[in-house]
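When a residue number appears, it is its place in the shown sequence, counting from 1.
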Amino acid sequence: MDDLRITISTLSPEGVKEFASFIQRHKKRKDRKDYELFKLLLQKQKLGPTQIMDRLYGPEPNQSAYYALRKRLMQHLTDYIVLKRMQEDPTADSSIMGALSMARYLFEAQADRLAWNLLRKAEQLAAAHEQFDLLNSVYNLQIEKADSEFADDLDLIIKKRNQNKAAADEDERANIASSIIGKRLERSRREGRDLQFAATIQAVLQTYGLTEAVSQRPPLFFKLMSIARAAVLARRDYYTFEPYIIERYRAMSSHLNMTQAHQYYKIRLLYMIAHVLYRNRKFAQSNGYLEEMHAVLQTQGRSYLTTFYPKYLFLKSANGAFQRNLPQAIQLLEELLQAKTITLPHRDMLTARMGLSFLYFAQGNFQKANNLLVYINHSDKWCERIMGREWVLKKNLGELIIQYEFGNLDLALDRAKVIRRSYKDLLSLPAYSNASSFLQLITFLIEQPDLATRKLFLQQVETMLTFVPAEQEDLQAMSFYAWLKAKMQGRRYYDVLLELAHAS
């Protein structure tokens, strides 16, 4: 595998343009070999090292120069990505690290007064944002430079550093606890046992003396909820997660006034709650938390909007679709994809295209739905690296259904066989049993198009699919089942989907 090529492939179209300018920031000339190599690695046709050297150096390849060039290009990429992430980072981490780096430079330049002013600002920022590990680095540099005439009192610095060590130790224990919780929940998921995340989390927190700290510190609370949510997403156990996260969030919010430094975590937590309510088909309640999230976003800087506004729109559009506002839901995502002011990262771009494709399909506009998926212009392997295998499986199932709707039954059957072969390991897992059965059922329909309205097919559906109480049914699984039911009843897909989604 070519690590350099993989790194380049992570750049968005806008990122490619920016990086091309970044390479030539010191001296712009046409014959830059690193820029030529960058363009060669961007090509869809994958050239081998020998072919690339031939393009760069002609008939006399220079292997040493080529590998030195690759190293230089990777360093350019590293510099660009680090700088870009610092610019886009909505947390204080980048600002603190930047201030520390600048202070070290100023000390080396013997500009001690400026360096100390910067260190004091870094200290205040790190303390406000509970970045205790970075705060420790600030104190260590202050102690190292305590002989300067501009330095603070050394005894006071040491006292603050020792107090901070206790908080930093709490963070370390929280990291250990988080890893243990994540591992236990993952083991429960793999073994098919109930997650019991409340009991698991509480037991580990008590072991590491963190119960009170989590209720007092939004960053720790968010971290634990993220770990629990990851397990919930894997098991689709939204029904039991909803009351847990809402109750814990309200308990924390009732006695803790979240500061400006905590707004990042508040936005993420509000989104988590809105999402779990959406997956549990409580669309109006979900919108309520979304609007609260949007209100917080309006008070923050552009980096927060860039990061979170697309997510807000994704969920608002999805809620709208299930509240019988399909045209408005479509408009939200169309405007997002066409917006000139927002450059969507790969992950958000793919989410938007998949979501809009689903909405077009629900509208009955199969051609538009198909175009959005076909013109992603990246391989499934690339999409898998960005979004994960489950997302690509859903994309392939969506493409399969669209081909069926087009009447391309031979193509649909070939695609069904490819999906079965490519995702055999995933479809054999208990969590994907319904996906495997759905694939088998649609294969039956492809092979016997008149089967859908027969009683035999209804019996096969009831036998092969595992149903849970309506209020616990996963919304995405329901969306696929709604298509089968629409075929069996000869009805419009969107009408059946809404009927199922609002069933109690």
Side-chain angles (χ1 to χ4, degrees), residues 173-258 262-293 296 308 311-312 315 318-319 430-431 468-478 501 504:
R173 285 185 284 121
N175 280 334
I176 294 169
S178 298
S179 294
I180 292 171
I181 290 167
K183 193 150 190 155
R184 288 184 183 177
L185 290 176
E186 173 61 19
R187 186 165 61 240
S188 295
R189 184 186 72 81
R190 282 200 315 269
E191 294 173 358
R193 294 184 283 112
D194 288 340
L195 291 178
Q196 297 183 333
F197 40 79
T200 301
I201 289 172
Q202 191 58 33
V204 176
L205 291 182
Q206 286 178 346
T207 300
Y208 286 88
L210 292 166
T211 305
E212 186 176 348
V214 167
S215 65
Q216 298 293 329
R217 294 183 54 197
L220 294 187
F221 177 73
F222 167 71
K223 188 169 189 175
L224 287 173
M225 291 303 101
S226 297
I227 291 168
R229 181 174 182 260
V232 165
L233 289 174
R235 277 282 292 273
R236 299 167 184 79
D237 191 9
Y238 305 102
Y239 186 70
T240 52
F241 185 59
E242 177 199 318
Y244 177 73
I245 186 173
I246 291 176
E247 180 186 338
R248 295 297 300 270
Y249 176 76
R250 286 177 178 169
M252 183 184 70
S253 301
S254 66
H255 71 264
L256 184 66
N257 182 28
M258 289 197 185
H262 294 146
Q263 297 309 297
Y264 170 82
Y265 304 104
K266 184 175 183 178
I267 291 168
R268 296 289 299 268
L269 288 165
L270 287 169
Y271 177 80
M272 274 190 199
I273 295 171
H275 181 261
V276 76
L277 286 166
Y278 158 72
R279 293 299 289 259
N280 284 337
R281 292 174 286 140
K282 297 177 181 178
F283 308 114
Q285 288 177 254
S286 174
N287 273 337
Y289 280 96
L290 271 184
E291 291 315 309
E292 189 177 346
M293 170 189 169
V296 179
F308 297 114
K311 292 176 174 56
Y312 161 79
L315 206 44
N319 280 329
V468 296
E471 69 275 7
Q472 297 182 36
E473 187 60 77
D474 176 52
L475 189 59
Q476 290 189 355
M478 183 183 291
S504 57

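For S226, the side chain to side chain contact (heavy atoms under 4.5 Å, CB included) partners are F222, M272, not counting sequence neighbours. Every residue two or more places apart in sequence or in another chain that forms a side-chain hydrogen bond (donor to acceptor under 3.5 Å, both in side chains) with H262 is listed here: E130, T259. Listed by chain and residue number, F197 satisfy the ring pair (Phe, Tyr, Trp, His ring centres under 6.0 Å) test with F241 (two or more places apart in sequence, or in another chain). In this view, A274 and S286, Y289, L290, L315 satisfy the side chain to side chain contact (heavy atoms under 4.5 Å, CB included) rule, not counting sequence neighbours. Applying the ring pair (Phe, Tyr, Trp, His ring centres under 6.0 Å) criterion to F283, with sequence neighbours excluded, gives F322, H502.
Of the possible polar contacts, none joining the N319 side chain to the Y278 backbone as a donor-acceptor pair under 3.5 Å is found.
When all heavy atoms of A174 and L210 are compared, the closest pair comes out as CA-CD1, 3.6 Å.
Residues N175 and Y208 are not in side-chain contact: their nearest non-hydrogen atoms beyond the backbone lie 4.5 Å or more apart. A 4.5 Å side-chain heavy-atom check between Y265 and R217 finds every atom pair outside the cut-off. No side-chain heavy atom of R268 sits less than 4.5 Å from a side-chain heavy atom of M293. Within the 4.5 Å cutoff, no side-chain heavy atoms of M252 are placed close to those of Q216. Taking 4.5 Å as the limit, some side-chain heavy atom of L277 sits within range of a side-chain heavy atom of I246.
Rounding to the nearest 0.5 Å gives a distance of 12.5 Å between CD1 of I227 and CZ of R184. Annotation: the span from H275 atom NE2 to N280 atom CG amounts to 10.0 Å, rounded to 0.5 Å. Distance check: T207 OG1 to R173 CZ gives 12.0 Å after rounding to the nearest 0.5 Å.
Between Y264 and F308, the distance separating the two ring centers is shorter than 6.0 angstrom.
Sorted by first and then second residue, the salt bridge (charged side-chain N to carboxylate O under 4.0 Å, His left out) pairs with a member in residues 238-257 read E242-K282; sequence neighbours excluded.
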Practice item. May I have the step-by-step check of side chain to side chain contact (heavy atoms under 4.5 Å, CB included) for L205 and L224, ending in yes or no? Key: CA-CA 10 Å; L205 291 182; L224 287 173; 3.6 Å; yes
